[in-house]
Amino acid sequence: MASASSPHSGSYWDRTPSQLAVDCWAFGRRRALRRGRTRCACASPRLTALASARRRRCGISRGGCRARAACTKLARNAVTIYDRQRCTSIHSYRTGLVQLTRFPDSRQPLGATMPKDVITTRAKDYNQWYLDIVREADMAEVAEVVKGCIVFKPNGYAIWEMMQRELDNRIKETGHSNVYFPLLIPESFLRREAQHVEGFAPEVAVVTHAGGEKLTEPYVIRPTSETIIGYFMAKWIRSYRDLPLLLNQWANVMRWELRTRPFLRTTEFLWSEGHTAHATEAEAERETLMILHDVYADFAEQVMAVPVIRGLKTEQEKFAGALRSYCIEAMMQDGRALQAGTSHNLGQNFAKAFDITYTDQNNTVQHCWTTSWGVSTRLIGALIMTHSDDEGLVIPPRLAPTQVVLVPIYKNEAERTKVREAVARITADWKGRLRFKIDDRDNLTPGFKFNEWELKGVPVRVEVGPKDVEKGSVALARRDVPGREGKSFVPQDGLTERIVVLLEEIQAALFARALAFREQHSAFVSTYDELKQQIERGFAWAYWDGNDEDEKRIQDETRATIRCIPLEQPGTPGTCVYTGRPTTRQVVFARAY
RNA sequence: CGGGGCGUGGCUCAGCCUGGUAGAGCGCCGCGUUCGGGACGCGGAGGUCGGAGGUUCAAAUCCUCUCGCCCCGACCA
């Protein structure tokens with residue numbers, strides 16, 4: 001990805017809207033202008049070419065212009081420069097010698113704000129598109145004062161609250177209780193489980209001082225809570241009658257990542273972490289899978305409209321300290337995989353490390369079998385990258401904090417009164433049935449509001465203007481079909497019912513679209529060459545009978561990993577894509593976030 | 001930790017090479033005209049130029065140190 005660097009470098013210019021690209025600007029300070037010593041500087045080969053053509057037309061010899069008159073003339077044909085983020089003019093002299101005017105073939109008026117282009121298109125730069133959505137939909141802001149952290153702004157946090165609500169319901173319905181454990185964990189706790197410490201040690205933050213003194217034992221800021229919860233479970237569980245112990249915690253955790261991206265990977269993130277203890281392995285396994293299916297996959301597909309593949313992680317990819325890790329994997333619009341949730345059967349590893357034991361019916365002391373599972377604010381990233389488009393965020397109706405926005409339209413006081421009455425009548429029965437907002441800000445034009453709500457992903461927009469008041473109609477626009485195409489005019493009668501139906505229709509359409517995308521970008525591969533090609537497009541399904549080393553080698557060579565061994569297997573025999581050995585097991589390869 | 005870039009009104013950035021009055025657009029505030037897909041005019045407020053030293057009659061600009069952020073890589077998923 002090119003970086004937005006100084007205006008003198010090519011990359012900066014290459015990213016400005018093409019037909020507006022700009023050519024050259026006079027620089028130098030006023031004193032220089034007074035002395036007639038202004039130079040014209042040009043950037044990027046294309047712009048240089050444009051500028052020299054213009055210079056020829058203006059009768060200026062090479063090397064920029066020195067004379068005052070020439071400079072004025074040159075500048076008159078120049079255009080202002082637009083900055084990438086706001087696409088606003090960043091440089092125009094209104095005084096002095098330099099009067100910037102329109103570039104002849106530019107269709108945009110100078111200085112006017114430029115719509116569109118505030119979001120980089122997906123085709124141009126997927127990475128930048130993602131960041132643009134996060135910023136323009138006002139979901140989060142990079143907290144530049146705290147490395148790798150973000151501020152969850154109201155629009156982003158509201159989505160998290162919706163996720164919390166839905167997940168919390170499911171977690172409680174399946175018998176779990178919420179608890180809260182300390183943020184700080186004695187460093188020694190982490191070391192008790194060998195694989196666990198190996199997995200997390202490099203990325204924990206450690207508190208060494210407090211109260212003005214060095215601590216005798218440092219605390220780590222929890223990267224996850226298996227250890228401290230394990231410690232307390234050991235105290236709480238005495239007999240089989242205390243089992244199963246089913247806990248969930250809503251918390252923040254910290255993992256010191258080197259490379260971060262809003263929501264997808266941040267130093268601190270919010271999540272739900274479940275921790276349970278059971279009497280038998282079978283029961284723990286049942287719990288692990290139940291969470292995967294009934295809580296995580298169900299939430300992802302039914303609420304987020306994100307189709308997921310449920311699978312088992314390979315040894316390579318499993319949680320540090322787990323017996324087995326299961327996951328749900330989703331496909332983003334660039335064909336890369338995103339792990340949207342994990343559920344681990346921890347076996348007796350933590351039970352042994354923390355001495356979590358119980359006395360069974362036969363008065364024998366046994367180690368418990370524990371599980372843990374989690375989903376995080378990363379889901380917000382999954383949401384964005386699954387449904388959103390070049391116009392902005394798209395939120396599925398069941399998850400949308402605001403499902404419907406109503407924009408009243410009027411020119412004068414008389415119209416305003418009429419429209420307002422109609423709006424009151426129309427929305428009378430919305431309360432309790434729809435999550436809605438009425439955008440009655442009167443310092444903004446309707447057009448601006450349409451775009452803004454589209455940018456923010458509200459699923460349905462209703463417009464009510466004077467014409468609608470006369471005709472008894474409204475304009476109804478659906479976000480999953482952006483722009484004017486998604487707009488239709490419908491009668492006010494029965495509108496509420498119509499919207500309720502439409503919301504479900506949008507929900508289903510989003511899921512169907514995401515599923516179709518995933519299918520189009522998935523393929524079965526039988527050779528290593530095919531595998532290499534397919535992971536450029538999306539998911540590669542393949543027979544697999546390799547070992548850890550084979551897997552690592554593939555990752556080094558292709559940057560792709562085995563995302564999971566899907567739980568649904570075809571069951572038919574085939575040959576391993578890498579080793580050629582016969583097997584019935586298929587896996588999914590992909591590049592991952 | 002290596003390589004690169006950047007710190008100037010709320011935001012995005014000019015100005016620095018060649019030292020001499022702090023600039024623009026957007027945003028914000030006020031008034032007026034507008035309002036069915038990103039409106040416009042006029043007026044206004046707003047900046048110890050990241051920090052500390054140094055050079056100089058004079059530093060946003062030159063020198064030294066320092067702090068911070070971003071990008072690419074390494075790491076992680």
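In what follows, chains carry the letters A, B, and so on, assigned in the order in which the sequence lines appear, proteins first and then strands, with residues in each chain numbered from 1.
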**Prompt:** Quick one: ring pair (Phe, Tyr, Trp, His ring centres under 6.0 Å) pairs with a partner in residues 443-479 of chain A, sequence neighbours left out?
**Reply:** none
**Request:** For RNA chain B, list all stems, counting runs of three or more consecutive pairs where every pair is Watson-Crick or G-U wobble with both distances under 3.5 Å.
**Result:** B:1-7 with B:67-73, B:10-13 with B:23-26, B:28-33 with B:39-44, B:50-54 with B:62-66
**Message:** Check this for me: does the side-chain of A/Glu452 come within 3.5 Å of the base of B/G38 through a donor and an acceptor?
**Reply:** no
**Asked** So what does A/Glu203 touch, heavy atoms closer than 4.0 Å: a base, only the sugar-phosphate, or nothing?
**Response** sugar-phosphate
**Prompt:** If we take the P atom in both B/G47 and B/C6, what is their distance in whole Å?
**Reply:** 27 Å
**Message:** If you only use heavy atoms from C-beta on, which nucleotide in B/C35, B/A77, B/G37 is closest to the side chain of A/Gln339?
**Reply:** B/A77
**Message:** Centre-to-centre under 6.0 Å for A/Phe152 and A/Phe263, is that the case here?
**Reply:** yes
**Prompt:** The side chain of A/Ile409 lies closest to which of these nucleotides: B/C69, B/C35, B/G37?
**Reply:** B/C35
**Asked** What do you reckon, are the aromatic ring centroids of A/Phe319 and A/Phe200 less than 6.0 Å apart?
**Response** yes
**Request:** May I ask you to say what A/Phe319 touches in the nucleic acid, namely base, sugar-phosphate or nothing, with a heavy-atom cut-off under 4.0 Å?
**Result:** nothing
**Prompt:** OP1 or OP2 of B/G38 sitting under 4.0 Å from any side-chain N/O of A/Thr445?
**Reply:** no
**Asked** Do other residues, nucleotides or ligands put more than 12 heavy atoms under 6.0 Å from A/Arg261 CZ?
**Response** yes
**Prompt:** Which one, B/C35, B/G37, B/A77, comes nearest to the side chain of A/Lys411?
**Reply:** B/C35
**Asked** When the P atoms of B/C69 and B/A60 are considered, how many whole Å apart are they?
**Response** 26 Å
**Message:** Taking only side-chain N and O atoms of A/Arg261, does any of them lie within less than 4.0 angstrom of OP1 or OP2 on B/A77?
**Reply:** no
**Request:** Could you tell me whether A/Pro466 contacts a base, only the sugar-phosphate backbone, or nothing, with contacts defined as non-hydrogen atoms closer than 4.0 Å?
**Result:** base
**Request:** Could you give the distance separating B/C42 and B/A24 at their P atoms, to the nearest angstrom?
**Result:** 15 Å
**Message:** If I pick the C1' atom on B/G44 and the same atom on B/C49, what distance separates them, to the nearest angstrom?
**Reply:** 23 Å
**Fill in**
Sequence neighbours excluded, the answer for ring pair (Phe, Tyr, Trp, His ring centres under 6.0 Å) partners of A/Phe539 is none
**Message:** Does a side-chain N or O of A/Arg484 approach OP1 or OP2 of B/G37 to a distance below 4.0 Å, or not?
**Reply:** yes
**Message:** For a quick check of understanding: with a heavy-atom distance under 4.0 Å over all strands, which category does A/Asn412 fall into, base, sugar-phosphate or nothing?
**Reply:** nothing
**Message:** In this structure, is the centre-to-centre distance between the rings of A/Phe589 and A/Trp541 below 6.0 Å?
**Reply:** no
**Request:** Decide yes or no for A/Glu198 and A/Glu193: does some side-chain heavy atom of the first lie under 4.5 Å from some side-chain heavy atom of the second?
**Result:** no
**Side chain of A/Leu258 (C-beta onward), nearest among B/G36, B/G38, B/A74** = B/A74
**Message:** Distance check, C1' atoms only: B/G7 and B/G50, in whole angstrom units.
**Reply:** 6 Å
**Request:** Answer with base, sugar-phosphate or nothing: what part of the nucleic acid does A/Lys449 contact at a heavy-atom distance below 4.0 Å?
**Result:** nothing
**Prompt:** Can you find a donor-acceptor pair, distance only, under 3.5 Å between A/Arg259 side chain and B/G73 base?
**Reply:** no
**Request:** Under 4.0 Å between any heavy atoms, over every strand shown, what does A/Arg591 touch: base, sugar-phosphate, or nothing? Just pick one.
**Result:** nothing
